[in-house]
Amino acid sequence: MLEKTYEPGAVEDRIAKAWVEADAFKAGAGAKPGAEPFTIVIPPPNVTGSLHIGHALNNTIQDILVRYNRMLGKDVLWQPGTDHAGIATQMIVERQLMERQLPSRREMGREKFLERVWEWKAESGGTIINQLKRLGASADWSRERFTMDEGLSDAVRKVFIELWKKGLIYRAKRLVNWHPVLETAISDLEVENIEVAGKMWHLSYPIENSTDNIVVATTRPETMLGDVAVAVHPDDPRYQALIGKYAVLPLIGRRIPIIADEYADPELGSGAVKITPAHDFNDFEVGQRHNLRPINVFTPSAHINASVPREYRGLDRFEARKKVLEDLEALGAVLWVEDKKIMVPHDEKTKQVVIEPFLTDQWFVNAEVLARPATEAVRAGRTKFVPQSWENTYFAWMENIKPWCISRQLWWGHQIPAWFGPRLSTDPEFGKLDAGPKIFVAETEAEAKKDAAAYYGRQVEVHTSGLGSTRFQKALADFEQIQRDRLNPTVWASRKAADPFAEMADSKVPLHRDEDVLDTWFSSALWPFSTLGWPANTPEVKRYYPTDVLVTGFDIIFFWVARMMMMGLEFMGKEPFHTVYVHALVRDEHGQKMSKTRGNVIDPLKLVDEYGADATRFTLAAMAAQGRDMRLAMSRVEGYRNFVTKLWNAARFLEMNGCVREASFDPHKLALPVNRWIVGATAKAVAEVAGKIEEYKFNEAANAAYDFVWGTYCDWYLELAKPVLTGDDAAEAAETRATAAFVLDQILKLLHPFMPFVTEELWGETGKTGPARENLLVLSAWPELAGLGDAGATAEMEWLIAAINGIRSVRTEMNVPAAAKIPLLIVGAGEETGIRVESQLQALMRLARLDKVDYGSDVPAGSAQIVLGEATFVLPLAGIIDIDAERVRLKREVAKEEVEMGKIEKKLANAQFVAKAPPEVIEEQRQRLADATTRRDKLLAALARLS
RNA sequence: GGGCGGUUAGCUCAGCGGUAGAGCAUCUCGUUUACACCGAGAGGGUCGGCGGUUCGAGACCGUCACCGCCCACCA
């Protein structure tokens, strides 16, 4: 017995367990023999994360695709897992240390700290996975992966090394976006430019040996400490005489050249621009063009460093700005200050920390080379974006792609498999400025040592990170010094004289592993194949790569999708998926992006608690229109919760009426029109829903299912079935019971991808009677109903529905009490109407609440009349209805028809229309005109009969 | 400064070349063999403005207005 109401809380847990026990989500579960694979990799949520509404949408869509394809009998793999999320995770654990007043990250050291992060991961890393399970996500949880798993780490190392060997990874001293609080490089994509009310200071720099000045402007005056030039446009007539001369940098006294560079825009400000290569991306390029050595004035925490006069050292960048301005003011070098809205780069996550361009040694991927095939794959249509408009975004970014800085100065992540050592004097780079250390990239330390030993021709000693990089730097410098000394016999002789061990000093080479880790997205980029076991040639790699669909939000097209495309093509030779479905962003009711800092987050788990996972999922699916963000309204969730209840009650109705499935049931052999009609309508709904899912139009699929179940099956079929079930024809009743049960089965399948819990529960409950179920619903086959449908039965039922609607409408308008049963007189009925009335008499009487139906030719005075085909349905309501009201009603109906007729007549009178419109459209219009005219005439006749 | 998207019923949103839709809200009715998380009925829109294409335009094109997002180095 079904409970009176559906209680999602209790049921969902039980159903979830049943699925797990049946291994229903395992790769290949329910697959037909010889089935083709269908693969989706989950966008791995941050291991630190908890489920937000975007995850809920993202995973609901994936689950709909996965469950649907599983029911089609494909060999389905939904590969789940989590991402180690370098920065976010490290920050969480660091915050935890602080809160518990434990030693800080640096105090405890790298090894201890990482142990702690792993502990934390073991404790809380499963949170989001459990939350996904609560949503009903049917991923193969037995295959859960983590981006820092051993296997995935192998893949990362392998890819790094291969790209290094191909020259697609390199190390360079470049300006990067630097996070001065975290003290690491961050991605361009993690920087958000925020407009703030700022100021622009116009500064005057004196010209050397002259009384002249040159005026420059800046929004960041503290950077002037690192100025190395002033640039003017080569054609700017105002400055021709100054090009090649020197300005004297105030406060510092440095002579800086006045250079000609087209970067300077004569239209802007004074036309002269200060050049600070270490602290501005444009200036860096100018500096390179003119061979200017950048002067970095910041420490990693954006305090002033030792390269400037003592009084500024140690100041925070904003304090330094103040002091620099004060001092410049004192010199009279500040000409004027302008209020200005300026774009300031902020850390995207907190939007608090101002990001600095900072000169550091970093690792880069030559993204330009990798982007070419990745762009081509989309151009050629081998990978398609849905909606397609996102392809433009993808192209725009890919075609302007910049080197990808992949190193991060963090501890939590994949440590870069590179070891640094000194250069030998025989090395062509030896002694060159900025040559950097000798780099050994290798799988393991042992291999790095082997390579190093080969290079140096002697043993090497690996300095562990515990040694600290300062000591290593010294060892490195000492080694190189000896190298240098050896090159000069005189120097070497005196050195040997001073130091008896000099000869031995470089017998051991100091080698040190790079302490940096890789950008989290580096490992995410490999996700579609690393999760399948690559670089090992596993059966899964062969079977499930390339995957089918990637379901994601647009915010990570650059971060992730583009990079998976690059890595997939480079290492697997095939694009990682044929379709990228880009879903909407879920916004709050005001259209704002949901975020913790805004405090406008709708917690999907609360929705699940309150309304059930099915209602939550269905809402998200129903609102997932392509190409548009969704604003989530609670009323929608409630409405779809009601839909779940409606389905539940329909099943209860069947149960109460003994509507049990029959093994021998054949939907092709039904006697009653109502049953023939509903199986046809079911087939149509199934085809519609399937088609919409395959087009990724989840909202239309959900709505089609909803309309069919509520609007057709519940509102009409079950109501029409009632008189048959209680009627005295046992055969008809039996057929109807079996049909009702059969259609419910199809409905459960149809809705299962959207509402897995309640449908599985009902599948189980309805399976307790009738033929035994072979499988859980999750593993059952998608309905095969092609070919069902009966035009005659459909026409008859549509006629019946129109008749009932017509009578109901009149009853309400004429204020006939709902409880009152009234007679119906049919006038002018032809043969077809007669047959239909006979066939549907019971249904008509019950649903229209009639007490008898007669045929006649006269219309009694004071009757309400409804035109239906060739017949007029007369409700003799003398004394009950208000004649004037009925006259008004009929006139309104006449007017409606005449408006319609007018429109069509105008169209048909238009020679252009008749000449150019397709014949079927013209025919349709003619038919509509004829119909409207008939209805109008009958209504006029009815009106005439009234008086 | 570029690019993208939006503007349709009171609210949240579908529809994107041939009869304006849904959910919620509103109004009326409701002794009915499931369901009041329900049933029946009703009201409510010149589809942002203007121009154009077309036999025909919420729908296609142009333009304007407002809203939102993404990208971008104005010192």
Side-chain angles (χ1 to χ4, degrees), chain A residues 2 4-6 193 200 202 216-220 231 263-265 267-276 280-283 285 342-343 357 387 389-390 392-393 396-397 400 554-555 557-558 585 587 589 591-593 611 615 619 622-623 625 627-657 697 699-700 703 706-707 711 714-715 718-719 722 725-726 804-805 808-813 815-819 846-847 849 900 903-904 907-908 910-918 920-922 924-925 928 932:
Chain A
L2 292 173
K4 181 124 199 278
T5 50
Y6 173 64
N193 289 306
M200 178 125 83
H202 295 260
V216 295
T218 180
T219 56
R220 294 187 298 152
Y263 166 64
D265 183 347
E267 306 289 314
L268 288 173
S270 67
V273 54
K274 67 196 259 315
I275 299 298
T276 323
D280 182 283
F281 287 98
N282 290 309
D283 292 6
E285 283 175 21
I342 53 174
M343 298 295 270
S389 58
W390 288 111
N392 293 328
T393 308
W397 193 70
N400 275 300
F554 65 82
D555 48 335
I557 290 178
F558 304 144
L585 204 68
R587 296 176 183 278
E589 56 207 317
Q592 291 285 308
K593 204 167 163 175
Y611 300 105
T619 307
M623 297 189 72
R628 188 177 172 155
D629 290 348
M630 62 167 85
R631 297 188 194 188
L632 192 59
M634 284 303 179
S635 56
R636 296 296 289 265
V637 189
E638 203 174 310
Y640 291 120
R641 185 272 319 266
N642 297 350
F643 179 51
V644 173
T645 309
K646 186 77 181 176
L647 174 68
W648 184 261
N649 278 300
R652 281 184 68 221
F653 173 79
L654 262 58
E655 185 183 64
M656 288 171 175
N657 284 280
K697 293 183 175 171
N699 59 322
E700 293 182 28
N703 285 327
Y706 180 99
D707 285 346
C714 290
D715 285 350
L718 293 185
E719 292 304 323
K722 284 175 184 175
L725 295 177
T726 53
I804 293 167
N805 280 339
R808 280 173 172 173
S809 186
V810 169
R811 286 179 61 118
T812 301
E813 282 198 54
N815 289 315
V816 177
R846 183 191 178 96
L847 271 65
R849 301 198 61 71
E900 175 77 357
K903 275 195 213 161
I904 304 170
K907 221 181 246 190
L908 288 170
N910 183 340
Q912 298 281 11
F913 174 72
V914 181
K916 293 188 180 169
E920 63 273 19
V921 172
I922 296 171
E924 188 196 325
Q925 296 293 324
R928 276 178 50 207

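In what follows, chains are A, B, ... by sequence order, proteins preceding strands, each numbered from 1.
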Any base atoms under 4.0 Å from [X], or only sugar-phosphate, or nothing? Heavy atoms, all strands.
{"X": "A:Thr645", "value": "base"}
{"X": "A:Asn657", "value": "base"}
{"X": "A:Ala622", "value": "nothing"}
{"X": "A:Ala650", "value": "base"}
{"X": "A:Asn282", "value": "base"}
{"X": "A:Pro918", "value": "base"}

Could you check if a side-chain atom of [X] sits within less than 4.5 angstrom of a side-chain atom of [Y], using non-hydrogen atoms only?
{"X": "A:Pro357", "Y": "A:Arg220", "value": "yes"}
{"X": "A:Thr619", "Y": "A:Tyr640", "value": "yes"}
{"X": "A:Lys646", "Y": "A:Cys714", "value": "yes"}
{"X": "A:Lys274", "Y": "A:Thr218", "value": "yes"}
{"X": "A:Phe653", "Y": "A:Leu725", "value": "yes"}
{"X": "A:Asn649", "Y": "A:Tyr6", "value": "no"}
{"X": "A:Val644", "Y": "A:Arg641", "value": "no"}
{"X": "A:Tyr263", "Y": "A:Glu285", "value": "no"}

What's the closest nucleotide to the [X] side chain, out of [options]?
{"X": "A:Phe558", "options": "B:rC70, B:rC29, B:rA34", "result": "B:rC70"}
{"X": "A:Glu719", "options": "B:rC55, B:rA75, B:rC35", "result": "B:rC35"}
{"X": "A:Ile342", "options": "B:rA75, B:rU31, B:rA42", "result": "B:rA75"}
{"X": "A:Met343", "options": "B:rA40, B:rA14, B:rA72", "result": "B:rA72"}
{"X": "A:Thr219", "options": "B:rA75, B:rC35, B:rC55", "result": "B:rA75"}
{"X": "A:Thr812", "options": "B:rG41, B:rA75, B:rU32", "result": "B:rG41"}
{"X": "A:Phe653", "options": "B:rA75, B:rC55, B:rA34", "result": "B:rA34"}
{"X": "A:Cys714", "options": "B:rA34, B:rG41, B:rA75", "result": "B:rA34"}
{"X": "A:Leu718", "options": "B:rC55, B:rC29, B:rA34", "result": "B:rA34"}
{"X": "A:Val273", "options": "B:rA34, B:rC55, B:rA75", "result": "B:rA75"}

Report the distance from atom [atom1] of [X] to atom [atom2] of [N], rounded to the nearest whole Å.
{"X": "A:Ile275", "N": "B:rC73", "atom1": "CD1", "atom2": "P", "result": "16 Å"}
{"X": "A:Trp390", "N": "B:rG3", "atom1": "CH2", "atom2": "C1'", "result": "11 Å"}
{"X": "A:Ile922", "N": "B:rG17", "atom1": "CD1", "atom2": "P", "result": "20 Å"}
{"X": "A:Asp555", "N": "B:rG68", "atom1": "CG", "atom2": "C1'", "result": "15 Å"}
{"X": "A:Gln912", "N": "B:rC55", "atom1": "CD", "atom2": "C1'", "result": "6 Å"}
{"X": "A:Arg808", "N": "B:rG39", "atom1": "CZ", "atom2": "C1'", "result": "8 Å"}
{"X": "A:Asp715", "N": "B:rC38", "atom1": "CG", "atom2": "C1'", "result": "10 Å"}
{"X": "A:Asn193", "N": "B:rC69", "atom1": "CG", "atom2": "P", "result": "15 Å"}

Suppose you measure atom [atom1] in [N] against the same atom in [M]; what distance do you get, rounded to whole Å?
{"N": "B:rG52", "M": "B:rG17", "atom1": "C1'", "value": "16 Å"}
{"N": "B:rC71", "M": "B:rU53", "atom1": "C1'", "value": "33 Å"}
{"N": "B:rG15", "M": "B:rU32", "atom1": "P", "value": "41 Å"}
{"N": "B:rC37", "M": "B:rC16", "atom1": "P", "value": "35 Å"}
{"N": "B:rA20", "M": "B:rU8", "atom1": "C1'", "value": "9 Å"}
{"N": "B:rC4", "M": "B:rG56", "atom1": "P", "value": "29 Å"}
{"N": "B:rA25", "M": "B:rU12", "atom1": "C1'", "value": "11 Å"}
{"N": "B:rG45", "M": "B:rG21", "atom1": "C1'", "value": "11 Å"}

Taking for each residue the nucleotide of RNA chain B bearing the nearest heavy atom, is the 5' side occupied by A:Val921 or by A:Phe281?
A:Val921
With nearest nucleotide decided by heavy atoms, which residue, A:Ala917 or A:Arg641, maps closer to the 5′ end of RNA chain B?
A:Arg641
May I ask you to evaluate whether A:Asn805 reaches the phosphate of B:rG41, defined as a side-chain N or O under 4.0 Å from OP1 or OP2?
yes
Using only side-chain N and O atoms of A:Lys646, determine if any of them is under 4.0 Å from OP1 or OP2 of B:rG39.
yes
All stems that RNA chain B takes part in, i.e. 3 or more consecutive Watson-Crick or G-U pairs with distances under 3.5 Å, are B:1-7 with B:65-71, B:10-13 with B:21-24, B:26-30 with B:38-42, B:48-52 with B:60-64
Using the side chain to side chain contact (heavy atoms under 4.5 Å, CB included) rule, take A:Val273 and A:Asn282 through it: C-alpha gap first, then chi angles, then the decisive distance, then the call.
CA-CA 11 Å; A:Val273 54; A:Asn282 290 309; over 6 Å; no
With [X], which residues qualify under side-chain hydrogen bond (donor to acceptor under 3.5 Å, both in side chains), at least two apart?
{"X": "A:Arg808", "value": "none"}
{"X": "A:Lys722", "value": "A:Glu719"}
{"X": "A:Gln925", "value": "none"}
{"X": "A:Glu900", "value": "A:Arg928"}

Pull out every protein N or O sitting under 3.5 Å from an N or O of nucleotides 19-26 of chain B, one pair per line with the distance.
from, atom 1, to, atom 2, distance (Å)
B:rU19, O4', A:Arg928, NH1, 3.4
B:rU19, O4', A:Arg928, NH2, 3.4

Which label fits B:rG49, syn or anti, where anti is any glycosidic angle not within 90° of 0?
anti
